[in-house]
Amino acid sequence: AARTLAECGLGRGRATVALVLGTSDPKRVWPLSHFARVLEWVWASLRTPPVLVGGALERPAAEELVRLTSAKAVNLVGRTTLPQLGALLSRCTVAVTGNTGPMHLAVAAKCPVVAVMNRDRYWHLRPYGEAHTILLPDPREAAGLPDAQALATVSPDRVIQSLQEVLWRLEGGARAPTAPPPPRVPLQR
């Protein structure tokens with residue numbers, strides 16, 4: 001994992017953001033256009049390409065995402081085994097993900113997660129621990145929408161604000177975040 005990141009020009013004290021693109025359940029997939037906006041922000045703000053990860057079934061989505069933007073990304077989708085993905089995530093600064101197995105792998109690898117999740121059963125499926133941020137659809141915006149459309153109401157700006165907050169916190173709060181913290185939906189059972 002360290003060698004792979006080094007070959008891609010990542011690591012060496014630079015923030016490394018992983019974008020986990022897919023899930024096995026279509027109603028849990030955050031739109032590619034939203035990922036594209038986050039990818040552009042990572043590239044423009046951190047001057048480091050995010051790492052795209054996922055299984056072989058997400059390869060077409062990763063290729064489409066790369067076509068949607070001129071920002072650089074390192075596309076490792078479908079190119080790692082589960083142990084390799086875990087090792088890779090252990091060396092990432094933060095991962096943006098939906099409700100998927102790699103989210104839990106990132107948590108196990110001690111990689112902070114910004115998780116975009118639907119409200120159904122999120123309490124039981126969420127990433128556990130203080131280092132993680134859970135973003136849920138706003139009940140007012142998502143009222144009456146099917147799950148996939150409700151998930152799309154979680155804006156890229158909310159994810160970017162959460163990324164900024166995580167990166168600021170990891171830097172020890174040495175400088176103020178560049179945007180206010182995102183609105184939080186309280187966790188309830």
Side-chain angles (χ1 to χ4, degrees), residues 1 16-42 50-69 73-129 131-139 141-142 144-163 166 182 185 187:
T16 302
V17 178
L19 302 179
V20 182
L21 300 183
T23 75
S24 59
D25 186 347
K27 69 182 181 184
R28 295 179 181 174
V29 176
W30 201 48
L32 280 182
S33 60
H34 289 20
F35 271 113
R37 172 79 174 88
V38 172
L39 189 156
E40 289 168 350
W41 178 84
V42 170
V51 179
L52 309 180
V53 296
L57 294 176
E58 283 92 39
R59 277 187 184 159
E63 291 165 2
E64 178 64 20
L65 178 60
V66 169
R67 281 193 293 274
L68 285 174
T69 178
V74 174
N75 185 357
L76 298 178
V77 174
R79 294 175 173 87
T80 60
T81 64
L82 279 177
Q84 289 168 337
L85 179 58
L88 183 73
L89 289 168
S90 75
R91 287 166 171 79
C92 288
T93 310
V94 60
V96 175
T97 179
N99 181 7
T100 184
M103 173 186 75
H104 298 290
L105 194 55
V107 171
K110 301 196 179 347
C111 176
V113 167
V114 174
V116 180
M117 300 180 74
N118 273 316
R119 296 188 72 81
D120 96 355
R121 297 181 14 112
Y122 81 92
W123 181 256
H124 301 287
L125 302 170
R126 74 190 188 283
Y128 290 91
H132 313 296
T133 304
I134 301 167
L135 299 175
L136 302 171
D138 183 310
E141 292 178 41
L145 293 176
D147 285 342
Q149 290 177 3
L151 197 61
T153 68
V154 177
S155 73
D157 290 337
R158 281 183 65 200
V159 171
I160 290 167
Q161 287 176 338
S162 294
L163 278 171
V166 168
V185 176
L187 295 177

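If you're wondering where the values come from, they're calculated on a predicted model, not measured in any experiment. What you see below is based on every heavy atom in this structure, not just the backbone, and it leaves out hydrogens, waters and symmetry mates.
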Exercise. Which heavy-atom pair separates T100 from G22 by the least distance, and what is that distance?
Worked result: OG1-O, 3.5 Å
For this session: For a side chain to side chain contact (heavy atoms under 4.5 Å, CB included) with P50, tell me which candidate from L39, L163, V94, V38 qualifies.
Result: L39
Problem set entry | Donor-acceptor contact below 3.5 Å, side chain R28 vs main chain T23 | no
Exercise. For D138 and R158, which heavy atoms make the closest approach, and how far apart are they?
Worked result: N-NH1, 4.4 Å
Exercise. Is T93 reaching over with its side chain to a backbone N or O of T16, donor-acceptor style, under 3.5 angstrom?
Worked result: yes
Problem set entry | Side-chain donor or acceptor of E58 paired with backbone N/O of G55 under 3.5 Å | yes
Problem set entry | Closest non-hydrogen atom pair, V77 against N75 | N-OD1, 3.0 Å
For this session: Apply side chain to side chain contact (heavy atoms under 4.5 Å, CB included) to S90 and list each qualifying residue two or more places apart in sequence or on a separate chain.
Result: A109
For this session: Show the numbers, then the answer: is there a side-chain contact (heavy atoms from CB on, under 4.5 Å) between Q84 and R79?
Result: CA-CA 9 Å; Q84 289 168 337; R79 294 175 173 87; over 6 Å; no
Exercise. Stepwise, does the salt bridge (Lys or Arg N to Asp or Glu O under 4.0 Å) test hold for E40 with R37?
Worked result: CA-CA 5 Å; E40 289 168 350; R37 172 79 174 88; 5.3 Å; no
Problem set entry | Heavy-atom closest pair, residues L88 and V53 | CD2-CG1, 3.6 Å
For this session: Any chance you could lay out the side-chain contact (heavy atoms from CB on, under 4.5 Å) test for V66 and L52, step after step, and finish with the verdict?
Result: CA-CA 10 Å; V66 169; L52 309 180; 3.9 Å; yes
Exercise. Taking all atoms of both residues into account, what is the closest heavy-atom pair of A142 and P137, and its distance?
Worked result: CB-CB, 3.8 Å
Exercise. Passes side-chain contact (heavy atoms from CB on, under 4.5 Å), V29 versus L151? Steps please.
Worked result: CA-CA 8 Å; V29 176; L151 197 61; 5.7 Å; no
Exercise. Given V154 and H34, is the side-chain contact (heavy atoms from CB on, under 4.5 Å) satisfied, shown in steps?
Worked result: CA-CA 9 Å; V154 177; H34 289 20; 5.9 Å; no
Problem set entry | Over all atoms of both residues, closest heavy-atom pair of P60 and L57 | CD-O, 3.6 Å
Problem set entry | L145 atom CG: more than 12 heavy-atom contacts under 6.0 Å | yes
